[in-house]
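Taking it in order: structure first as structure tokens, then the write-up.
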There are 2 protein chains.
Amino acid sequence: MVATYKDIRRLTGLSLATISKYYNGGNVLGPNRELIEEAAAGLDYQVNNVARGLRSRRSMTIGVVLDQLNSTFNTTIVSRVEERLREAGYGTIICDARQDAHSQAEVVRFLIGKMVDGIVVVPVGDDTSFLKPARHRDVPVVAIDRLMPGTDSVVIDNRAAIASAVQLLTDSGHTTIGLLAGPDTTYTMRERRAGFRDAVRARTGLLPRVELLTPEEVSIEGGYAGLRRLIHLSAPPTAVVCANYGLTLGASIAQNELGSDLRPALVGFDNLELARLIRPRPTLVTQPIDKLALEAAELLLQRLNGEGPDEPVTIILDTTLMVGHESTYQLKPRVRMQR
Amino acid sequence: MVATYKDIRRLTGLSLATISKYYNGGNVLGPNRELIEEAAAGLDYQVNNVARGLRSRRSMTIGVVLDQLNSTFNTTIVSRVEERLREAGYGTIICDARQDAHSQAEVVRFLIGKMVDGIVVVPVGDDTSFLKPARHRDVPVVAIDRLMPGTDSVVIDNRAAIASAVQLLTDSGHTTIGLLAGPDTTYTMRERRAGFRDAVRARTGLLPRVELLTPEEVSIEGGYAGLRRLIHLSAPPTAVVCANYGLTLGASIAQNELGSDLRPALVGFDNLELARLIRPRPTLVTQPIDKLALEAAELLLQRLNGEGPDEPVTIILDTTLMVGHESTYQLKPRVRMQR
DNA sequence: AGTGGCCTTCGAAACGTTTCGCCAAAGGGG
DNA sequence: CCCCTTTGGCGAAACGTTTCGAAGGCCACT
């Protein structure tokens with residue numbers, strides 16, 4: 001049988017109230033502290049957090065809802081958020097929504113039923129209605145990577161991120177640049193495409209042609225097909241920017257299959273492991289994923305303590321352009337044209 | 001204020017016992033069912049799992065302890081285990097032990113304090129004492145990937161896995177084969193090295209020389225350094241087997257930097273994403289990760305229902321050899337020797 | 001009509017904590 | 001030396017469920 005306060009009371013003669021006080025950092029006299037510690041050690045006692053949660057109305061548990069788990073971005077988020085929250089005594093219940101808005105809504109209900117004290121979410125899409133059960137119960141929510149109106153959010157400066165890639169390419173002499181990005185149905189892709197359009201206009205004076213930024217499926221396959229589509233245009237781009245990790249990976253695969261004189265310059269997004277594997281070393285826009293996670297964790301902890309401003313907070317972090325080997329971004333002489 | 005049974009009682013006139021019965025699938029008359037459903041909908045009622053857990057002594061929560069989160073293997077495990085257990089109503093608390101045995105022990109205590117009903121663990125090392133708090137409270141534990149004496153375990157047939165790689169290589173004409181594996185301090189590496197040794201002897205009649213299977217650090221760096229060490233031996237292997245994903249990745253990077261005539265044949269371990277990126281298509285031993293996770297989840301669910309045999313269960317799954325492009329495993333003419 | 005058995009419902013007592021209000025003893029200032 | 005405040009401790013009442021034993025209603029069978 002597992003020990004409870006009652007067993008400690010039996011061994012120490014103290015009241016439940018005093019024992020509770022001890023376990024909650026209240027004032028207890030030295031000799032009594034020792035009595036409790038001794039009894040607890042003998043009993044292998046451990047506080048029952050379920051009972052505690054019932055009475056105190058804090059389960060000391062938070063939920064993390066991910067659009068998918070299988071990405072370096074998301075595992076890093078989980079890992080960091082979990083680490084920080086466990087320090088603060090919170091358990092982290094993880095839920096993978098498998099890219100499905102419906103199951104995302106279901107998962108939020110599930111978590112609310114589990115009485116989580118807060119939620120961190122990397123949302124599937126734009127619709128925020130799935131958070132209603134949380135709002136209704138005043139469970140604080142922090143969104144990562146996607147800006148959610150009315151919700152605390154931690155995001156990167158997507159426009160500046162893409163602009164930094166475009167700038168490197170135009171500085172290297174490129175005038176026709178393609179973008180591999182997903183459809184405008186998610187905040188992230190919308191921002192990145194808009195950032196691309198603005199940056200190209202600012203640097204070349206012209207808006208990019210529509211076929212240079214047609215949406216692709218956001219996946220490795222999408223990146224592969226997208227790059228091939230771009231290089232087969234009648235006026236192909238001399239450089240391509242990828243707006244996400246999967247697209248970068250797919251585009252890199254397509255690159256590998258091309259002769260080196262046909263390869264456009266390529267600026268990818270976000271994956272460091274990739275960078276270690278590919279030679280020549282690729283040029284990448286990298287997100288401060290750890291920081292994104294930590295900021296989200298801190299923000300949530302604030303909310304859990306009832307702190308922070310009344311209105312929703314938005315934290316915007318900067319990205320870094322990791323410049324790779326020259327050949328990955330410089331304008332190549334157009335061999336075919338010289339023939 | 002959040003609704004409780006008492007609110008439903010107020011609206012329906014039924015007793016708490018009946019309402020409880022309704023929510024636990026007991027027999028309740030049709031009209032009363034409807035009354036409850038109506039009231040619950042109006043109140044946006046949701047069962048409080050914390051209170052339920054206190055009384056029923058099941059928190060409907062399990063813990064997953066990982067040696068690290070940042071690997072495809074582990075994220076797949078988590079994702080599948082979580083999916084299956086959520087179907088059964090369990091929440092999954094995740095804990096990353098960051099490769100540290102001490103923090104792994106701490107994490108188990110933490111989970112026990114959170115009153116988890118069961119634990120899935122991908123252990124850091126061999127020592128099983130960190131599970132003591134769980135055993136002491138009869139919390140069932142299922143280990144994945146590492147065989148733990150006295151604990152239900154789901155593992156792959158490590159010896160056969162490596163043997164299949166060795167067989168392909170010897171069949172292709174190789175007689176000197178190197179192994180990149182970690183130290184014998186973990187079950188997995190011990191088995192894979194033993195499997196290698198046995199398979200080489202069975203196929204060539206000789207034990208491999210020690211310098212062909214010296215332990216490396218289990219990491220990308222270790223794989224990189226290890227491959228370079230092997231090819232600089234006075235009698236270098238013509239083929240190398242990698243016993244783990246990180247080692248494979250590192251070895252691939254080292255491969256990429258070599259002239260194609262110097263590259264040994266390479267059989268890697270376990271990563272499919274890698275396989276999509278690298279050309280020529282690599283040869284890999286792949287684990288049935290999904291199945292590993294599902295078997296573990298089912299086993300744990302059995303234990304949670306008090307089912308299954310009295311003694312610990314060990315489930316051993318087979319791996320598959322994914323044969324890549326010929327050039328990755330065939331014996332090359334030794335160019336240097338012919339000069 | 002009486003008896004036995006099932007089905008449904010009920011009241012009340014848990015489950016293991018926290019918290020509220022109260023009390024006694026100790027400490028400090030005038 | 002008295003009064004006031006602070007400190008440490010206590011009993012009892014929650015928190016929102018589940019569960020146990022009992023009881024009432026209904027039906028079928030003698």
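Nothing here was measured: the structure is a model prediction, and the numbers come from that model. Residue numbers start from 1 in every chain, and the chains themselves are labelled A, B, ... in the order their sequence lines are given, proteins ahead of strands.
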Next on the checklist: Applying side-chain hydrogen bond (donor to acceptor under 3.5 Å, both in side chains) as the test, list every pair that has at least one member in residues 73-82 of chain B; sequence neighbours left out.
Outcome noted: A:Asn70-B:Thr75, A:Asp96-B:Ser79, A:Arg98-B:Ser79, B:Asp67-B:Asn74, B:Arg80-B:Glu83, B:Arg80-B:Asp290, B:Glu82-B:Arg86
Under 3.5 Å, which N/O atoms of the protein pair with N/O atoms of nucleotides 4-8 of chain D?
| residue | atom | partner | partner atom | Å |
| --- | --- | --- | --- | --- |
| D:dG8 | OP2 | A:Asn27 | ND2 | 2.8 |

For atom [atom1] of [X] and atom [atom2] of [N], their distance in whole Å:
X	N	atom1	atom2	answer
B:Asn24	D:dG16	CG	P	17 Å
A:Ile112	D:dG16	CD1	P	16 Å
A:Lys114	D:dG16	NZ	P	18 Å

Item to check | B:Arg84: side-chain hydrogen bond (donor to acceptor under 3.5 Å, both in side chains) partners, not counting sequence neighbours | outcome: B:Glu87, B:Glu298
Item to check | Heavy-atom pair with the smallest gap, counting every atom of A:Glu191 and A:Asn158 | outcome: CB-CB, 3.6 Å
Checklist entry - Going through the distances and angles, do B:Leu85 and B:Leu301 end up as a side chain to side chain contact (heavy atoms under 4.5 Å, CB included)? => result CA-CA 8 Å; B:Leu85 287 169; B:Leu301 283 172; 3.5 Å; yes
Kindly say whether [Y] contributes a backbone atom to a donor-acceptor pair with the side chain of [X] at under 3.5 angstrom?
X	Y	answer
A:Gln104	A:Val124	yes
B:Thr18	B:Leu14	no
B:Asn49	B:Arg52	no

Item to check | From CA spacing to verdict: side chain to side chain contact (heavy atoms under 4.5 Å, CB included), A:Ile8, A:Tyr23 | outcome: CA-CA 12 Å; A:Ile8 299 185; A:Tyr23 279 106; 4.0 Å; yes
Checklist entry - Do the ring planes of B:Tyr45 and B:Tyr5 sit parallel (below 30°), tilted (30 to 60°) or perpendicular (above 60°)? => result tilted
Next on the checklist: Closer than 4.0 angstrom, basic N to acidic O: yes or no for B:Arg146 and B:Asp126?
Outcome noted: no
Checklist entry - Is it true that B:Glu295 and B:Lys291 have a side-chain N and a carboxylate O under 4.0 angstrom from each other? => result yes
Checklist entry - How about A:Val154 and A:Leu299: do any of their side-chain heavy atoms sit closer than 4.5 Å? => result yes
Next on the checklist: Checking side-chain contact (heavy atoms from CB on, under 4.5 Å) between A:Ile62 and each of A:Leu304, A:Val139, A:Ile119, which is the one that passes?
Outcome noted: A:Leu304
Pairs under 3.5 Å (N/O, protein and nucleotides 25-28 of chain D):
none

Checklist entry - Listed in order of residue number, which residues of residues 38-59 of chain B have a non-hydrogen atom at under 4.0 Å from DNA chain C? => result B:Leu54, B:Arg55, B:Arg57
Next on the checklist: Expected output is a numbered-order residue list: members of residues 3-19 of chain B with a heavy atom under 4.0 Å from any atom of DNA chain C. What is it?
Outcome noted: B:Gly13, B:Leu14, B:Ser15, B:Ala17, B:Thr18
